[in-house]
2 protein chains.
Amino acid sequence: MTYTIKQVAEKTHLSIYTLRFYDKQGLLPFVSRDQSGYRAFTDGDLLLLHTLSCLKDTGMKISDIRQYMTLVMQGPSSIPQRQQLLRTHRDAVLAQQRAIARNLQEVDRKLSLYDSPMATDLVGLELAAARKEKTANGLPDPFSKLR
Amino acid sequence: MTYTIKQVAEKTHLSIYTLRFYDKQGLLPFVSRDQSGYRAFTDGDLLLLHTLSCLKDTGMKISDIRQYMTLVMQGPSSIPQRQQLLRTHRDAVLAQQRAIARNLQEVDRKLSLYDSPMATDLVGLELAAARKEKTANGLPDPFSKLR
DNA sequence: GGTTGCCCTAGAGCATGGTCTAGGGTTTAT
DNA sequence: ATAAACCCTAGACCATGCTCTAGGGCAACC
């Protein structure tokens, strides 16, 4: 049993356009064509496509995914290189996750400030200070433009 | 004391180009100009720029950052809208983080497969099955192209 | 055998987020 | 008063990752 590109698009929630784009980019070297030149996806192909989606959804670049898929095509001998590629990616993703968590703390601080009962006063004070800082430096006050 | 765009670029690790780009995009409505038309950043501006960086680094779109900064310019009265914007963003970021963690598990599974002492055999078996699946469906075997 | 619905490729177009160039003014030091 | 080192804008250009159009083939049904 094989699947047409349309069926795969439905299964994977990728668009037909995206699947063809990935193929054009060399991300699907494992997909065979039938006698009409149509792509014929096997169940095994869907597994590889799932791996591809995981890599893509964790932010791996297309060029790196292509490299990984090329290694996959080369069989077991490329396992060391695959490990290296995936480990590097994994480390980058974890670092990125930590960076985002750190930056999100700042957002949380803003949110708790806005949640405080004195939020209006505190924000008002900050604004007054910012305006004062401008005029103290002989600068126009940008806060009085649209108010 | 104010800072030139170059000094701010050094402090923030954003390029001068990026700072001007952000200004052009309406992300820096709080930055005043001196008499020569030069941007003059105050310390208060740097705080807002830091907030901006946190939003950007957590993946907020420029259009949403612009909206947030516009609300900031409007003073304390916009606090409810700011809360809504930040909360929506926060939730989206957390959901994204969870999705990435989930997809990264798949990468981890691959890595532990590759780490297994039987990795070569297991990967070889998978490959053999994939090839068999192709030929069983009357398809060319894509794995025998570059080997 | 014609209509419908799917498939294909090549290549144009688009959204996002920068990055850089050209042309020109300002400030500082010599 | 001129060079060096800044600053400015407008707009071109670029990389990434799609998304869509044009033009054409294949397959199934009526």
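Quantities reported herein were computed from a predicted structural model and do not represent experimental measurements. Within every chain, numbering begins at 1; the chains are lettered A, B, ... in the order of the sequence lines, protein sequences first and strands thereafter.
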So does A/Ser15 get a side-chain nitrogen or oxygen closer than 4.0 Å to the phosphate oxygens (OP1/OP2) of D/dC18?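 So the side chain of A/Ser15 is outside the cut-off, no N or O lying under 4.0 Å from OP1 or OP2 of D/dC18.
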So does A/Thr4 get a side-chain nitrogen or oxygen closer than 4.0 Å to the phosphate oxygens (OP1/OP2) of C/dC7?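 Checking A/Thr4 against C/dC7: at least one side-chain N or O falls below 4.0 Å of OP1 or OP2.
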Of the listed nucleotides ([options]), which one gets closest to any side-chain atom of [X]?
X	options	value
A/Ser36	D/dC6, C/dC8, D/dA27	D/dA27
B/Lys56	C/dG18, D/dC7, C/dG17	C/dG18
A/Lys6	D/dT19, C/dC20, C/dC6	C/dC6
B/Arg39	D/dC7, D/dT9, D/dG17	D/dT9

What's the [atom1]-[atom2] distance between [X] and [N], to the nearest Å?
X	N	atom1	atom2	answer
B/Phe21	D/dA15	CZ	C1'	13 Å
A/Leu19	C/dC8	CG	P	10 Å
A/Arg33	D/dC26	CZ	C1'	14 Å
B/Asp23	C/dT19	CG	P	16 Å
B/Leu28	C/dG18	CG	C1'	14 Å
A/Ile5	D/dG25	CD1	P	19 Å
B/Arg20	D/dT9	CZ	C1'	9 Å
B/Gln35	C/dG25	CD	C1'	15 Å

If you draw a 6.0 Å radius around CD in B/Gln84, do more than 12 non-hydrogen atoms from other residues or ligands fall strictly inside?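 Open: at most 12 neighbouring heavy atoms sit under 6.0 Å from CD of B/Gln84.
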So which one's nearest nucleotide on DNA chain D is more toward 5', B/Gln7 or A/Gly59?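 Result: B/Gln7.
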Do we see a donor-acceptor contact under 3.5 Å between the side chains of A/Asp115 and A/Ser112?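 A/Ser112 and A/Asp115 do not have a side-chain donor-acceptor pair below 3.5 Å.
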Pairing donors with acceptors under 3.5 angstrom, does anything connect the side chains of A/Asp91 and A/Thr88?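 Checked: A/Asp91/A/Thr88 side chains show no N/O donor-acceptor pair below 3.5 Å.
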Whichever of B/Tyr38 and B/Ser63 has its nearest DNA chain C nucleotide further upstream toward 5':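 It is B/Ser63, whose closest nucleotide lies nearer the 5' terminus.
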Taking the side chain as every heavy atom from C-beta outward, state whether B/Asn103 and A/Val93 have any pair of such atoms under 4.5 Å apart.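 Counting from C-beta outward, B/Asn103 and A/Val93 never come under 4.5 Å.
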B/Asp141 pairs by side chain to side chain donor-acceptor pair (under 3.5 Å) with which of B/Lys132, B/Lys134, B/Arg131?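 Answer after filtering B/Lys132, B/Lys134, B/Arg131: B/Arg131.
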Base C/dG11 to side chain A/Lys24, donor-acceptor N/O within 3.5 Å cut-off: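 Per atom types, the contact qualifies.
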Donor-acceptor pair present, A/Tyr22 side chain and D/dG17 base, under 3.5 Å: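 Answer no: no donor N or O sits under 3.5 Å from an acceptor.
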